[in-house]
K.L.:
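Mind looking over this structure? Questions follow.
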Amino acid sequence: MARMIALIILLIPGVMAAYGIKLMRDMFFGLQVSWLPSLSLQFFLGLIMFLAGLSFIGGFLLHRDRKKNKVQQRFIKKKQ
């Protein structure tokens, strides 16, 4: 059950990042979505969605690997 919840948690930002890539790609080809007023806004919104989704997935994987001690020495948190 925990693996299914983790999959769902990772699926939402993954879809968001994929849609961000789609928005940026459509801007380069001049295809504007109907709910955004300009192509430049469409690109920046797509960039923000892509970076947010990618950073969430990257942070999730780093957190998981830190718990299992599978990271390089520079990524290990130092105890205070």
K.L.:
Are F28 and L39 joined in one hydrophobic group, where the rule is that I, L, V, M, F, W and Y side chains link up if heavy atoms are under 4.5 Å apart?
P.N.:
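Same cluster: F28 reaches L39 through Ile, Leu, Val, Met, Phe, Trp or Tyr contacts under 4.5 Å.
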K.L.:
Is the side chain of Q32 donor-acceptor paired with the backbone N or O of M27 at a distance under 3.5 Å, no angle test?
P.N.:
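Between the backbone of M27 and the side chain of Q32 there is no qualifying donor-acceptor contact (under 3.5 Å).
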K.L.:
Measure the spacing between CG of L62 and NZ of K77 and express it to the nearest 0.5 Å.
P.N.:
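Taking CG in L62 and NZ in K77, the distance rounds to 8.5 Å.
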K.L.:
Linking I/L/V/M/F/W/Y whenever any side-chain heavy atoms sit under 4.5 Å apart, do I21 and F44 land together?
P.N.:
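Yes, same cluster.
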K.L.:
Between CE of M16 and CD1 of I48, what distance do you get to the nearest 0.5 Å?
P.N.:
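Nearest 0.5 Å value for the CE-CD1 distance: 10.5 Å.
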K.L.:
Is atom CZ of F43 surrounded by more than 12 heavy atoms (other residues, nucleotides or ligands) closer than 6.0 Å?
P.N.:
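Count over threshold, so yes.
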K.L.:
Find out if a path of hydrophobic residues (ILVMFWY) with successive side-chain heavy-atom gaps under 4.5 Å connects L51 to V15.
P.N.:
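Different clusters: L51 never reaches V15 through Ile, Leu, Val, Met, Phe, Trp or Tyr contacts under 4.5 Å.
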K.L.:
Provide the closest heavy-atom pair for L41 versus P37 in the form atom of the first, atom of the second, distance.
P.N.:
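What the structure gives for the nearest pair is CD2-CD, 3.6 Å.
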K.L.:
Could you measure the distance from the CD1 atom of I57 to the CD1 atom of I12? Nearest 0.5 Å is fine.
P.N.:
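It comes to 11.0 Å.
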K.L.:
Test your reading of the model: is there a side-chain donor-acceptor pair from R66 to the backbone of I76, 3.5 Å cut-off?
P.N.:
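Not at all, since once roles are kept as given, no pair shorter than 3.5 Å links the two residues.
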K.L.:
How long is the gap from CG on L31 to CG on L23, to the nearest 0.5 Å?
P.N.:
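With rounding to 0.5 Å, CG (L31) is 11.0 Å from CG (L23).
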K.L.:
For the residue pair G53 and A17, what are the closest heavy atoms and their distance?
P.N.:
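Nearest heavy atoms, G53 then A17: CA-CB, 4.1 Å.
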K.L.:
Hydrophobic clusters here meaning ILVMFWY residues chained together by side-chain heavy-atom distances under 4.5 Å, can you tell me if L54 and L10 are in one?
P.N.:
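In one cluster with L54: L10, no.
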K.L.:
Quick check for you: to the nearest 0.5 Å, what is the distance between M4 atom CE and M1 atom CE?
P.N.:
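The distance works out to 7.5 Å.
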K.L.:
Measuring from atom CE of M24 to atom CZ of F50, what distance do you get when rounded to the nearest 0.5 angstrom?
P.N.:
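Going from the CE atom of M24 to the CZ atom of F50 covers 6.0 Å.
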K.L.:
Does one hydrophobic cluster hold both V33 and M49, with members joined at side-chain heavy-atom distances below 4.5 Å?
P.N.:
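Same hydrophobic cluster.
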K.L.:
Would you check if L45 and Q42 make a side-chain contact, meaning some heavy-atom pair closer than 4.5 Å?
P.N.:
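L45 vs Q42: side chains apart.
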